Each structure stands twice: as structure tokens, then as C-alpha cells.
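The analysis underlying the following values was restricted to heavy atoms, covering all of them including side chains, and did not include hydrogens, waters or symmetry mates. Residue numbers start at 1 and run along the sequence shown. Computed from a predicted model, the values in this text were never measured in an experiment.
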Amino acid sequence: MRASELGVIDGHLTIGGVDAVKLVERYRTPLYVTDENQVRERFRAFKDAFSGVKSEIYYAMKANGNLAILKILESEGAGVDVFSAGELYMALLAGFPREKILFNGNSKTDEELELAVEAGVTVSVDSLDELEALAQIAKRLGKRSSIAFRVNPDISPKTHPKISTGIRTSKFGIPHTEVMDAYRRAWELDGLDIKGIHCHIGSQILELGVFGEVMERMMNLVEEIKDELGIRLEFLDIGGGLGVAYREDDPAPTPHDLADVVLPVFKGRCKEAGVSPTLILEPGRYIVADSTVLLTRVNTVKRAYKNFVATDAGFNLLARPVLYGSYHRIVVANKMDLPPEETYTIVGPICESGDILGEDRRLPKIEKGDILAILDTGAYGFSMSSQYNQRPRCAEVLVSDGRVELIREEESVGDLMMRQRIPDRLL
Ligand code: LLP
């Protein structure tokens, strides 16, 4: 969240007009707090940026799959990218229209393909194996399946290697040099309707020039498919990936900046080729990242090798720092008007040395009981949480214009044993 958009009243952080300290008094810590207006604004910015062409915004639910957030985006007219049967189930539950659901995935089970065909959603096929399986399943069910192919465009964005997905060595998609064979094969098979083409080159991309290359490469294929097979694709989906400014001095590209790179190529090439596919974008992070803070209480302040501040949230609730070395700004929610005084390393309660949320941060003097807010945690925050160390997951609340609503109850220790069984012989 841009610091300017976070409020401060009487030295306390506010989010969506609500005092963070009051929130934790009512709901305890740790607590994820999401500002509804921010989610809506971010989505609208995306929609608006691409409104000059026939386009759809498919929210990537993996970023944040809370049902209330899905409902908000569905009400804004979003489509949705799903990556598993579970995500498909949630999308249908949230009421997304099936014609605006794209089922992605590099390792779908036959069962998942069957669900996709039954639900009538479009499948982004990731391999020739999958294509054959899907055709057989459609035949068995006596239904048709709409498909696209996920292309590996062999393009390298500047981002963390673990979230770069369109480079040659990536596990995702069919190499762009081979994907024509897949379209030819799909053309021969019964029961499949070839609708589109899809790629996704990676996440947290701040230098957008690369999306121009992606568009050129994808339009080459759109053209080839038209020329060779006579198919005018209904959609071209270039995935998500627009990054957000986690650090104060990160560049903060907007959806309009992305549109400025992508649309001239798209429009020019469509005109040249005589095609008019719908342009689909699949943002996840940009829509939800800066809508949310994670509030966590300080359990201990300890002067050891470093000045450690230990909180009640760790990588069980926010895995990004430990997984990718990600940076999230941290503020002291009950001391917003105090100047930085000391350098602290913020650590979680998990039994691993890597459980560090923020290193060497200049903050006001911190004491036991203070409330820290970890910013920009709406994307890949709760959605990647775990119960590691037998810690129940925390609650989530939604705030909007001063209103507060619980959108996920915190788990209890009882939930930890859910679905476990002790064999009788061990009782
Ligand atoms: N479409 C597909 C097919 C994807 O795989 C992804 C993200 C997206 C769209 C959305 O990308 P976004 O707009 O959010 O960048 N856990 C990592 C990010 C993993 C991204 C996975 N795929 C993190 O916390 O940075």
C-alpha cells in the first residue's frame, strides 16, 4: 500500500478508515485486514486501461482466494484464472460466469479435466498428453470442450527466478516453436473447440518493455493459426505479472503503462492480420497486494546478535520473505507518530532461523505488546499460509468506509486435527 493511502489517527494506523489497534482488540492477532475500496479501485484501473479494445480481466485467484474478495471482483465484472479443481469450485461458488473462467495448470488430473468439461469452462492445455486426455474425456462425456494452448514464449522478464514462468527452461506451456503442431492436432481431434492462445511470463514484473516482445511473439502465432488453419482465435490471453512497489523507491508501473506497451502492438498486428481476438489479462498481485495489511503483535524484544523483535505471525502466515527474499514494509501500528529510533530485525514464532519478516528496519522504540503492520500482503499472503508448527491460521477481515466484516474466522487448535485419524491399534 502506498504510504500516502494509509491513514493515521491519534498515532494509530488506519485502514479503510478503521483504527488498526481497535481491530486487533476485537479480532486478536495475527489478523489480515483488507480494504474493499482498494480492491475495487485496482480492478477498475485495470479494466479502464484496456477498455479501448475488446478485453477481459481474469483475476488470478491464486493471489487471494478469499470468497468475499472473489465476490467483490465478480461483482466488478471480472473473469477468473483458476489453477486447480479447488479454485474452479471456488470460482463457481463465487458466481463467475463459466464463459469467463480459464482453467490453467501444467499437471491437471483426468478428474480435473472432467470437472472442467462438465462445468463448461475453457481449458488452457499445457501439453500434447493433456490434449489427448481432454479429447477422450470430452468424447466419453458426450460434450465439447473449449480450449486454448499455454505457450512457452521463451521470454525472460526481470524478476525472481522462482516466479519467472515463460523462459525456455520453465515447466509451463508448450514451446512457441512447437505449439503449431498442437493446434494442428487439436484441429484433427473431435470434440474440441479451439478458442484461444495463452501465456504467462512471470510475476512481479516492474520493467514492462518485455510485454511488447510477448505480444509480438503471440501475435505471430495468432497470425500463423489463421493463415495455416483458417482459425480466427476468439481470445489472446497474455497472463498476469504486473508488479507492485513493495519498497518506497520501487518503480510503480500502472495498468495504463502496461497498456501503453501492449496495445499499440496488439492493435497494429490485429489490423494487419485481419483478426480481432478479445485481449485477456490475468492480474493477481496488482489487484490485491496493496489492499491488505497483516497485523501482528510483538511477543518479545530481545537484544542478542541483533535487536530482535519477535511477533505472533511468521512464515506460516506470510511465506514470501523466506521463499523469495521478498521485502514488505513494516510499520508500528500503535506508534505511527513516533520517529524511527532503533534498528530491528522482525522475526516470527516459527522454529526455523529463516523465519524473518524484515531485516534491519529503522522503527520507533518497540515494546512487548506493540502492533506491527506488514504492508502489501494481500497477494500470496494468506493464500500461501500453512499450519506449520501446529499453528492455526488467523482471521481475515474486510473494511470499507469504516465498516468492518469478518471474512474468515480464525482457526482453532481443534482445526489442527481435522481429518486426521489415529488407527485403533495406537489408541
Ligand atoms: N496467470 C497465471 C497462469 C499465473 O501462473 C499467475 C501467477 C498469474 C496469472 C498472476 O500473476 P500476477 O499478476 O499475480 O503476477 N507466490 C509468488 C507469485 C507466484 C505467481 C504464480 N502465478 C509470490 O508471492 O511472489
Side-chain angles (χ1 to χ4, degrees), residues 1 6 8 10-15 18-34 292-323 325-378 380-382 384-397 404 406 408-416:
M1 183 168 300
L6 286 172
V8 177
D10 295 336
H12 288 183
L13 177 76
T14 64
I15 170 164
V18 181
D19 184 330
V21 177
K22 293 230 169 73
L23 280 174
V24 301
E25 277 163 12
R26 180 159 162 206
Y27 293 102
R28 315 191 331 152
T29 53
L31 183 69
Y32 271 105
V33 186
T34 297
T292 301
V293 301
L294 172 57
L295 299 176
T296 177
R297 189 178 296 274
V298 173
N299 284 330
T300 310
V301 182
K302 177 167 71 177
R303 201 175 286 277
Y305 168 67
K306 285 194 164 188
N307 238 353
F308 288 115
V309 168
T311 60
D312 60 6
F315 78 69
N316 53 324
L317 293 177
L318 182 66
R320 304 194 66 254
V322 70
L323 276 180
S326 306
Y327 182 95
H328 285 265
R329 273 176 293 154
I330 298 176
V331 297
V332 187
N334 56 319
K335 293 181 174 169
M336 294 299 285
D337 50 359
L338 299 185
E341 220 176 284
E342 292 210 39
T343 302
Y344 294 105
T345 288
I346 323 302
V347 299
I350 299 301
C351 184
E352 295 202 22
S353 319
D355 186 26
I356 297 171
L357 297 168
E359 258 186 304
D360 299 329
R361 303 296 178 89
R362 293 289 299 163
L363 291 167
K365 189 167 170 44
I366 296 181
E367 296 150 293
K368 179 178 171 65
D370 282 344
I371 305 298
L372 304 188
I374 309 174
L375 308 189
D376 307 315
T377 46
Y380 309 107
F382 192 98
M384 294 176 74
S385 64
S386 73
Q387 294 175 329
Y388 184 41
N389 277 186
Q390 307 280 15
R391 289 183 176 275
R393 275 177 280 238
C394 69
E396 294 179 286
V397 296
V404 183
L406 187 65
R408 188 190 301 266
E409 285 177 37
E410 71 177 311
E411 293 174 353
S412 69
V413 283
D415 292 320
L416 297 174

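Evaluation of the ring pair (Phe, Tyr, Trp, His ring centres under 6.0 Å) rule for His12 yields no partner, not counting sequence neighbours. Residues passing the side-chain contact (heavy atoms from CB on, under 4.5 Å) test with Leu406, sequence neighbours excluded: Tyr27, Ala395, Val397, Glu409. Not a single side-chain hydrogen bond (donor to acceptor under 3.5 Å, both in side chains) links Arg26 to another residue, sequence neighbours left out. With sequence neighbours excluded, no residue forms a side-chain hydrogen bond (donor to acceptor under 3.5 Å, both in side chains) with Ser386. Among residues two or more places apart in sequence or in another chain, the side-chain contact (heavy atoms from CB on, under 4.5 Å) test is passed with Val347 by Phe308, Ala310, Thr345, Ile356. Residues satisfying the salt bridge (charged side-chain N to carboxylate O under 4.0 Å, His left out) criterion with Arg393, sequence neighbours excluded, are Glu411. Every residue was checked against the salt bridge (charged side-chain N to carboxylate O under 4.0 Å, His left out) condition with Asp312, not counting sequence neighbours, and none meets it. With sequence neighbours left out, the salt bridge (charged side-chain N to carboxylate O under 4.0 Å, His left out) criterion links Glu25 to no other residue. Listed by chain and number, the residues in a ring pair (Phe, Tyr, Trp, His ring centres under 6.0 Å) with Phe315 are Tyr388 (sequence neighbours excluded). Annotation: side-chain contact (heavy atoms from CB on, under 4.5 Å) contacts of Ala20 (sequence neighbours excluded): Leu13, Leu295, Ala333. Glu341 is linked by a side-chain contact (heavy atoms from CB on, under 4.5 Å) to Lys365, counting only residues two or more places apart in sequence or in another chain.
Contact annotation: the side chain of Ser385 approaches that of Leu317 to within less than 4.5 Å [non-hydrogen atoms, C-beta and beyond]. Using a 4.5 Å cut-off on side-chain heavy atoms (C-beta onward), Leu363 and Ile346 make contact. Residues Ile330 and Leu375 are not in side-chain contact: their nearest non-hydrogen atoms beyond the backbone lie 4.5 Å or more apart. In this structure, Thr29 and Cys394 have side chains that are not in contact, with every pair of non-hydrogen atoms separated by 4.5 Å or more.
Summarising the geometry, atom OG1 belonging to Thr292 is positioned 12.0 Å from atom CZ belonging to Phe382; distances are rounded to the nearest 0.5 Å. In this structure, the separation between CZ on Arg297 and CD1 on Ile371 is 3.5 Å, given to the nearest 0.5 Å. Taking CZ of Arg391 as the reference point, atom CD1 of Ile350 lies at 5.0 Å (rounded to 0.5 Å). Once rounded to the nearest 0.5 Å, the distance linking CG of Leu357 with OG1 of Thr296 reads 7.5 Å. Rounding to the nearest 0.5 Å gives a distance of 11.5 Å between CG of Asn299 and CG of Asp370. Summarising the geometry, atom CG belonging to Asn334 is positioned 12.5 Å from atom CG belonging to Asp10; distances are rounded to the nearest 0.5 Å.
The salt bridge (Lys or Arg N to Asp or Glu O under 4.0 Å) analysis of residues 350-361, with sequence neighbours excluded, yields the pairs Lys306-Glu359, Lys306-Asp360.
Contact detail for Thr311 and Pro349: the closest heavy-atom pair is O-CD, 3.4 Å. Nearest heavy-atom pair across Val332 and Pro364 is CG2-CD, 3.9 Å. Across all non-hydrogen atoms, the minimal contact from His328 to Ile374 is CB-CG2, 3.6 Å.
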Stepwise side-chain contact (heavy atoms from CB on, under 4.5 Å) check, Val331 with Met336: CA-CA 7 Å; Val331 297; Met336 294 299 285; 3.9 Å; yes
Full working for side-chain contact (heavy atoms from CB on, under 4.5 Å) between Leu31 and Leu23: CA-CA 9 Å; Leu31 183 69; Leu23 280 174; 4.1 Å; yes
Worked check of side-chain contact (heavy atoms from CB on, under 4.5 Å) between Leu318 and Tyr32: CA-CA 10 Å; Leu318 182 66; Tyr32 271 105; 4.1 Å; yes
CA sep, side-chain torsions, deciding dist, call: Met384, Leu323, side-chain contact (heavy atoms from CB on, under 4.5 Å): CA-CA 11 Å; Met384 294 176 74; Leu323 276 180; 3.4 Å; yes
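Judged purely by distance below 3.5 Å, without hydrogens or angles, the side chains of Asn316 and Gln387 never pair a donor atom with an acceptor atom.
Under a cut-off of 6.0 angstrom, the local environment of CZ in Arg303 is sparse, with at most 12 non-hydrogen atoms contributed by other residues, nucleotides or ligands.
Using a 4.0 Å cut-off between charged nitrogen and carboxylate oxygen, Glu410 and Arg28 count as a salt-bridge pair.
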